[in-house]
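Just so we're on the same page: letters track the sequence lines, and every chain starts at 1.
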Amino acid sequence: MSEQLSGDGSKSVRVRYAPSPTGYPHVGNIRTALFNWLFARHTGGNFVIRIEDTDVERRVAGAVEDILESLRWMGMAWDEGPCVDGDFGPYTQSERLHLYQPLADQLVREDYAYPCFCSAQRLEEMRAEQVRLNQPTGYDRRCRDLTEQERARCRAEGIDPVIRFKVPRAGRTQFRDLIRGKVTFENSLLDDFVLLKSDGFPTYHLANVIDDHFMQISHVLRADEWMASTPRHIMLYNALKYEPPLFAHLPMILGPDKSKLSKRHGATSLLEFREEGYLAEAMMNFLALLGWSLDDRTEIIDRQTLIKSFSLERIGKTAAIFNIDKLRWMNGVYIRALSLEELTDKAIPFLEKHLPSHITRPLDRDYVRKVVALEQDRMKTLKELPELARFFFEAEVAAPLDLLANTGVPDQKAVEAFEVSLDVISGMEPFDHDSLETRFRALATELSLKTKDLFGLLRIAITGGTSAPPLFDTMALLGKDQCIRRIQKALVLLRCA
RNA sequence: GCCCCCAUAGUCUAGUGGCCUAGGACGUCGGCCUUUCAAGCCGAAGAUCAGGGGUUCGAAUCCCCUUGGGGGUACCA
């Protein structure tokens with residue numbers, strides 16, 4: 001058993017991430033992909049991607065590309081799947097249609113399944129009635145025991161049947177979930193589910209079982225929401241005489257309202273996090289910790305360690321709520337750990353995109369690097385940088401009068417401070433951090449101002465705000481001319497007040 | 001309604017019968033550092049381990065019931 005759990009057995013591990021292109025993947029989907037990927041990498045197994053596009057109606061254009069791009073961004077390379085040939089392709093179900101139909105026919109022939117001619121309308125009425133009577137809903141098996149004659153008649157009427165699985169009326173189906181242990185279902189409570197739709201497409205249940213078998217999937221790691229479908233799958237494996245894979249149902253990731261993640265929860269599409277300036281490394285670390293833990297204290301875990309220490313045993317059972325605050329913190333940790341060059345590379349696209357349009361592009365990389373050095377500790381996401389550092393790029397900064405007038409320093413005194421500061425700056429050579437600090441500390445004393453007040457005044461004039469990187473680093477980077485211009489502007493503003 | 005799963009602070013979690021006067025992290029609050037904001041460091045508050053019954057010398061840990069939450073109940077995945 002522990003052999004199965006850890007996947008260290010002789011049987012090689014093959015896991016798959018099987019998204020359906022009905023929308024863009026959210027963090028829950030990607031967390032499932034991540035656990036599969038980590039398990040594959042940990043065990044030296046294969047990570048397969050299979051596109052489950054059997055629902056023609058709900059197909060969303062661009063979804064496949066979005067799914068693949070999400071995985072690429074996270075650095076989860078797949079061993080087989082779209083764009084990566086393998087021995088078990090094709091890896092898109094709509095290209096495997098020829099497989100499902102014969103197997104469905106075989107099941108009918110062997111009496112494991114039967115054609116059902118019930119109309120959508122009848123099914124709907126039946127369900128409504130069941131709901132009205134407070135009875136369990138489910139197909140009433142009307143077509144289960146049709147004679148060949150009756151079937152022929154229906155076909156003659158031109159009705160395209162669906163193929164339904166003939167669920168045993170008695171007994172129970174159970175399986176051992178790697179995370180939850182033994183789970184048992186009463187067969188009598190399951191209805192005869194559809195295997196093949198009337199348009200000839202398989203349902204998820206059929207295609208999934210057949211593909212997992214032919215692709216030799218060893219472990220199915222999927223979200224909890226699939227647990228209720230598992231007995232059907234077990235029955236199918238048995239009817240098809242396939243050996244079922246091992247199952248592990250992962251705890252779900254819930255929205256802030258504790259319900260299943262969906263579009264209604266807003267920015268949950270993974271690529272939106274990239275847009276928002278989160279780092280893939282932070283995202284991976286964070287997602288790994290949603291439902292899995294290394295030990296009782298480790299939070300920051302790099303990719304290699306994640307792979308090395310990942311195990312099914314340490315996956316929890318309880319659903320987790322996606323907590324963006326912790327992600328932000330963790331993203332900050334990863335940003336601070338970046339080298340200046342790396343962070344500069346990552347920051348430039350965000351600056352180019354979000355800085356006001358009147359600021360000329362392209363930005364000077366050397367200058368950006370210096371700005372980044374001053375802002376690295378202050379940003380939690382890359383997208384915050386343009387706002388934090390905007391004053392470094394603006395030709396002019398409008399210091400709000402209400403800020404200037406409310407520092408606690410009387411306006412007269414502030415005016416004097418600015419005037420003297422201008423003199424000092426004009427004659428200053430070199431114009432660097434140390435010279436500035438030495439001179440302005442002395443100046444505060446000369447003006448009988450607290451350093452706090454003098455520096456605060458200058459900060460507002462120069463950055464337009466009350467929070468910024470250390471003043472003299474900022475001034476040195478901005479340069480003498482910029483400093484003079486900004487102080488002059490603040491001076492004018494204050495004098496007119 | 002019925003079926004399945006889950007249940008430790010606001011959130012993520014550690015804990016698998018005694019090491020738990022329940023540990024870590026985010027967030028919150030306070031302090032230090034300091035020219036501001038961050039970062040960093042230090043500290044605090046915050047959990048009757050959902051509730052109730054058992055089992056046991058001993059239970060967050062095992063069993064039962066209740067409650068709560070989630071998921072499923074489609075010719076969706």
Side-chain angles (χ1 to χ4, degrees), chain A residues 18-23 52-55 57-58 116 118-120 123-124 127 130-139 160-164 177 179-180 183-186 189-191 193-205 207-208 223-231 249 251-252 254 256 258-260 286 289-300 314 316-330 332-333 336 375-380 388 437 440-441 444 450-460 463 465-472 474:
Chain A
S20 80
T22 53
E52 309 218 319
D53 59 346
T54 54
D55 187 341
E57 305 266 300
R58 295 199 310 153
C116 166
C118 292
S119 67
L123 260 21
E124 217 169 279
R127 182 160 302 106
Q130 289 165 337
V131 169
R132 194 178 69 78
L133 296 174
N134 256 337
Q135 289 175 341
T137 55
Y139 181 55
D160 286 326
V162 300
I163 302 297
R164 286 184 186 272
D177 187 275
I179 293 172
R180 294 158 209 281
V183 184
T184 307
F185 289 83
E186 214 55 59
L189 266 7
L190 299 177
D191 72 347
F193 55 99
V194 174
L195 298 176
L196 208 63
K197 309 178 203 180
S198 54
D199 64 0
F201 273 71
T203 59
Y204 167 82
H205 303 299
N208 184 263
D224 212 15
E225 55 187 320
W226 295 108
M227 184 113 70
S229 299
T230 308
H249 289 94
M252 309 244 301
L254 274 22
K258 289 182 166 237
S259 75
K260 188 170 159 179
F286 180 74
L289 256 18
L290 243 35
W292 176 85
S293 60
L294 209 201
D295 54 30
D296 62 338
R297 59 192 64 250
T298 314
E299 305 281 344
I300 303 300
R314 291 199 65 85
K317 299 179 181 175
T318 66
I321 292 172
F322 189 83
N323 179 205
I324 192 96
D325 280 337
K326 186 159 178 175
L327 206 213
R328 280 177 55 75
W329 162 76
M330 192 172 277
V333 171
R336 272 171 255 130
E375 299 285 5
Q376 186 163 21
D377 284 353
R378 295 171 175 70
M379 54 172 140
K380 291 234 175 20
L388 284 171
E437 174 151 18
F440 276 94
R441 279 194 187 283
K450 289 184 202 153
T451 51
K452 191 176 182 162
D453 290 332
L454 206 218
F455 298 175
L457 237 19
L458 288 167
R459 181 175 302 106
I460 294 167
T463 71
T466 53
S467 66
L471 183 60
F472 305 119
T474 300

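When the C1' atom is compared between B:rG51 and B:rA7, the two are found 12 Å apart, to the nearest whole Å. Atom name C1', nucleotides B:rG24 and B:rG15: the rounded distance is 12 Å, in whole Å. Distance noted for atom P between B:rG43 and B:rU56: 44 Å (whole Å). Atom P of B:rG18 sits at a distance of 22 Å from the matching atom of B:rG54, rounded to the whole Å. As rounded to the nearest Å, B:rU73 and B:rU11 have C1' atoms that lie 31 Å from one another. Comparing B:rA38 with B:rC26, their P atoms sit 16 Å apart, to the nearest whole Å. Comparing B:rU16 with B:rA44, their C1' atoms sit 32 Å apart, to the nearest whole Å. Comparing the same atom, P, in B:rU66 and in B:rG72 gives a spacing of 24 Å after rounding to whole Å.
Distance, A:L189 CG to B:rG1 C1': 12 Å, rounded to whole Å. B:rC4 atom C1' lies 10 Å from atom CG of A:L190, rounded to whole Å. The nearest whole Å value for the distance from the CD1 atom in A:I321 to the C1' atom in B:rC26 is 14 Å. In this structure, the NZ atom of A:K317 is 13 Å from the P atom of B:rU61, given to the nearest Å. Whole-Å rounding puts the A:F286 CZ to B:rG27 C1' distance at 12 Å.
Applying the salt bridge (Lys or Arg N to Asp or Glu O under 4.0 Å) rule to A:K326 yields the partners A:E299; only residues at least two apart in sequence or on another chain are considered. Qualifying ring pair (Phe, Tyr, Trp, His ring centres under 6.0 Å) partners for A:F322, counting only residues two or more places apart in sequence or in other chains: A:F273, A:F286. Taking A:D53 as the reference, A:R59 meet the salt bridge (Lys or Arg N to Asp or Glu O under 4.0 Å) condition, with sequence neighbours excluded. Considering only residues two or more places apart in sequence or on other chains, A:Q135 meets the side chain to side chain donor-acceptor pair (under 3.5 Å) condition with none of them. Applying the side chain to side chain donor-acceptor pair (under 3.5 Å) criterion to A:D191, with sequence neighbours excluded, gives no partner residue. Residues forming a salt bridge (Lys or Arg N to Asp or Glu O under 4.0 Å) with A:K197 (at least two apart in sequence, or on another chain): none. Qualifying salt bridge (Lys or Arg N to Asp or Glu O under 4.0 Å) partners for A:R314, counting only residues two or more places apart in sequence or in other chains: none. The ring pair (Phe, Tyr, Trp, His ring centres under 6.0 Å) search around A:F193 returns A:F165, A:H205, not counting sequence neighbours. By the ring pair (Phe, Tyr, Trp, His ring centres under 6.0 Å) test, A:W226 is found to be paired with A:Y204, residues two or more places apart in sequence or in another chain being considered.
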Just do the side-chain contact (heavy atoms from CB on, under 4.5 Å) check on A:T203 and A:T54 with the steps written out, would you?
-> CA-CA 7 Å; A:T203 59; A:T54 54; over 6 Å; no

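Relative to the side chain of A:N323, the nucleotides B:rC6, B:rG10, B:rG24 differ in distance, and B:rG10 lies closest.
When both distances must be under 3.5 Å, the Watson-Crick or G-U wobble mate of B:rG1 is B:rU73. Across all strands shown, nothing is found opposite B:rG58 as a Watson-Crick or G-U wobble partner with both distances under 3.5 Å. Nucleotide B:rU48 forms a pair with no other nucleotide shown, judged by Watson-Crick or G-U wobble geometry with both contacts under 3.5 Å. When both pairing distances are held under 3.5 Å, B:rG17 makes no Watson-Crick or G-U pair with any nucleotide shown. Under the Watson-Crick or G-U wobble criterion, with both distances below 3.5 Å, B:rC41 is paired with B:rG31. A 3.5 Å limit on both hydrogen-bonding distances identifies B:rG10 as the Watson-Crick or G-U partner of B:rC26.
Taken from OG1 in A:T22 to CD in A:E57, the straight-line distance is 12.5 Å, to the nearest 0.5 Å. Between atom OG1 of residue A:T451 and atom CG of residue A:L458 there is a gap of 11.5 Å, rounded to the nearest 0.5 Å. Between the NZ atom in A:K380 and the CZ atom in A:R336 there is a gap of 6.5 Å [rounded to 0.5 Å].
Proximity of A:R314 to the phosphate of B:rG15: a side-chain N or O atom is located under 4.0 Å from OP1 or OP2.
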Nucleic acid footprint by protein, nucleotides 34-45 of chain B - heavy-atom cut-off 4.0 Å, B for base, S for sugar-phosphate alone = -BBBBSS-----

Going 5' to 3' through nucleotides 64-77 of chain B and flagging B where a protein heavy-atom sits under 4.0 Å of the base, S where only the sugar-phosphate is that close, and - otherwise, we get ------SSSSSBBB

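A:F185 comes within 4.0 angstrom of the backbone, heavy atoms only, and of no base. Looking at heavy-atom distances under 4.0 Å, A:G291 makes contact with sugar-phosphate atoms alone, never a base.
At a cut-off of 3.5 angstrom, counting only N and O atoms as typed in the model, there is a donor on one side and an acceptor on the other between the side-chain of A:K326 and the base of B:rC12.
The minimum heavy-atom distance linking A:I179 with A:K317 is given by the pair O-CE, 3.3 Å.
With RNA chain B read from its 5' end, the first of the two nearest nucleotides for A:Q135 and A:V183 is the one closest to A:Q135.
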Restricting to nitrogen or oxygen on both sides, can you table the protein-nucleotides 18-23 of chain B pairs closer than 3.5 Å?
from	atom 1	to	atom 2	distance (Å)
B:rG23	O2'	A:R297	NH2	3.2
B:rG23	N2	A:D296	O	3.0

